[in-house]
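Labels below follow one simple rule: chain letters A, B, ... track the order of the sequence lines, proteins then strands, and each chain is numbered from 1. Hydrogens, waters and symmetry mates play no part in the numbers below; they use all other heavy atoms, side chains included.
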There are 2 protein chains.
Amino acid sequence: MKISKAAIESGLTVDTIRYYEKSGMLPDIKRGSDGHRYFSQKDVELLTLLYWLRETGMPIKQMKRFTALVKTGGKTIAERREILLTHSKELKRRRDVLDRCDEILAIKIAGYENLTENKP
Amino acid sequence: MKISKAAIESGLTVDTIRYYEKSGMLPDIKRGSDGHRYFSQKDVELLTLLYWLRETGMPIKQMKRFTALVKTGGKTIAERREILLTHSKELKRRRDVLDRCDEILAIKIAGYENLTENKP
DNA sequence: CACTTGACTTGGAGTTACCCCAACCTGCTA
DNA sequence: TAGCAGGTTGGGGTAACTCCAAGTCAAGTG
């Protein structure tokens, strides 16, 4: 499929996909005789994973480490798995941050509640 | 207290506090005769709230809207409350994203599990 | 008293991860 | 044949910091 469909399927934008390719973190993407990129199903699967990793705050640098391993292939699975496991822990940390913030907001909002109507 | 203590207390960095002040989203911070900033307890409370808002993804633009209201004071409480409530909903959305990503990672990792030991 | 140290000041350059735009090319339909 | 939709590249712009150089000032030390 072409880039705009790949964008829709993966969640990334067209621009971001091109940016990812330019910065070397995609495998070689096939080109048609018209110069257009053609994405295989596997390509799109990778893009989708990248979308989720980025969306949840993994820095590009680390994503590059991951995709480099994907490009290398075979024997790198243990290391890839390690990266994803680490990120999963990071997700937990981020959830804790969200929860903590929500508590703070709740307190703050409750504090406002007293002042919305009755104070001069 | 001075900027480095304010940074520790709020969670922000010294640079970020200065950046926030320069971009006009802090109330007037007192200066000593030496030119140093001196933060009141209220200042630090605001900084702390800003830390949490930013940490959970509120864009600076919206934080400015909020702090502008804080500066204006009194009658803006209902609107401030609205902003925090909206952000609280945003937190929920973000948590869903994290959860969804965690599911995807779990599947991916499980997929790797089969390949770590036994495949050639 | 001169000197060093450490915490602060400003202005400005650099970074990350995009986003947008102009100018151009290509294949298809009317 | 012309027009349009959808691609291409290169390069400029943006958000939100982050880091650095060069300078100021107060306090402590020999």
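- Taking the charged nitrogens against the carboxylate oxygens, A/Asp102 and B/Lys92 have no contact shorter than 4.0 Å, which rules out a salt bridge.
- Salt bridge B/Arg93/B/Glu90: present, at least one basic N to carboxylate O contact under 4.0 Å.
- To the nearest angstrom, P of D/dA15 lies 15 Å from NZ of B/Lys22.
- A straight line from CD1 of A/Ile8 to P of D/dG6 spans 10 Å, rounded to a whole angstrom.
- Residue-level contact check: A/Thr13 touches the backbone only, with heavy atoms under 4.0 Å from sugar-phosphate atoms and none from bases.
- Regarding contacts with the backbone of D/dG7, a side-chain N or O of A/Ser4 is found under 4.0 angstrom from either OP1 or OP2.
- Comparing A/Met25 and A/Asp34 against DNA chain C, the residue whose closest nucleotide sits nearer the 5' end is A/Met25.
- Rounded to whole Å, the distance from OH on A/Tyr19 to C1' on D/dG10 is 16 Å.
- In this structure, B/Lys30 places its NZ atom 16 Å from C1' of C/dC8, rounding to the nearest Å.
- What separates CG of A/Leu53 from P of C/dT16 is a distance of 19 Å, to the nearest Å.
- Using a 4.0 Å cut-off, no side-chain N or O of B/Arg31 falls inside it from OP1 or OP2 of D/dT24.
- Residue A/Tyr20 is classed as a sugar-phosphate contact, given heavy-atom separations below 4.0 Å to backbone atoms only.
- Of the listed nucleotides (D/dG7, C/dT9, C/dA17), C/dT9 has the atom at the smallest distance from the side chain of B/Arg18.
- Remark: C1' of D/dT8 and CD1 of A/Ile3 are 10 Å apart, rounded to the nearest angstrom.
- At whole-Å resolution of the value, OH in B/Tyr38 and C1' in C/dC8 are 9 Å apart.
- The nearest heavy atom of DNA chain C to A/Asp15 and to A/Met58 marks one nucleotide each, and the one closer to the 5' end goes with A/Met58.
- Across the protein-nucleic acid pair, B/Arg37 atom CZ and D/dC25 atom P stand 16 Å apart, rounded to whole Å.
- With D/dG6, C/dC8, C/dA17 as the choices, the nucleotide that has an atom nearest any side-chain atom of B/His36 turns out to be C/dC8.
- The shortest distance between side-chain heavy atoms of B/Ile17 and B/Ile29 does not fall below 4.5 Å.
- Using a 4.0 Å cut-off, no side-chain N or O of A/Thr16 falls inside it from OP1 or OP2 of C/dA17.
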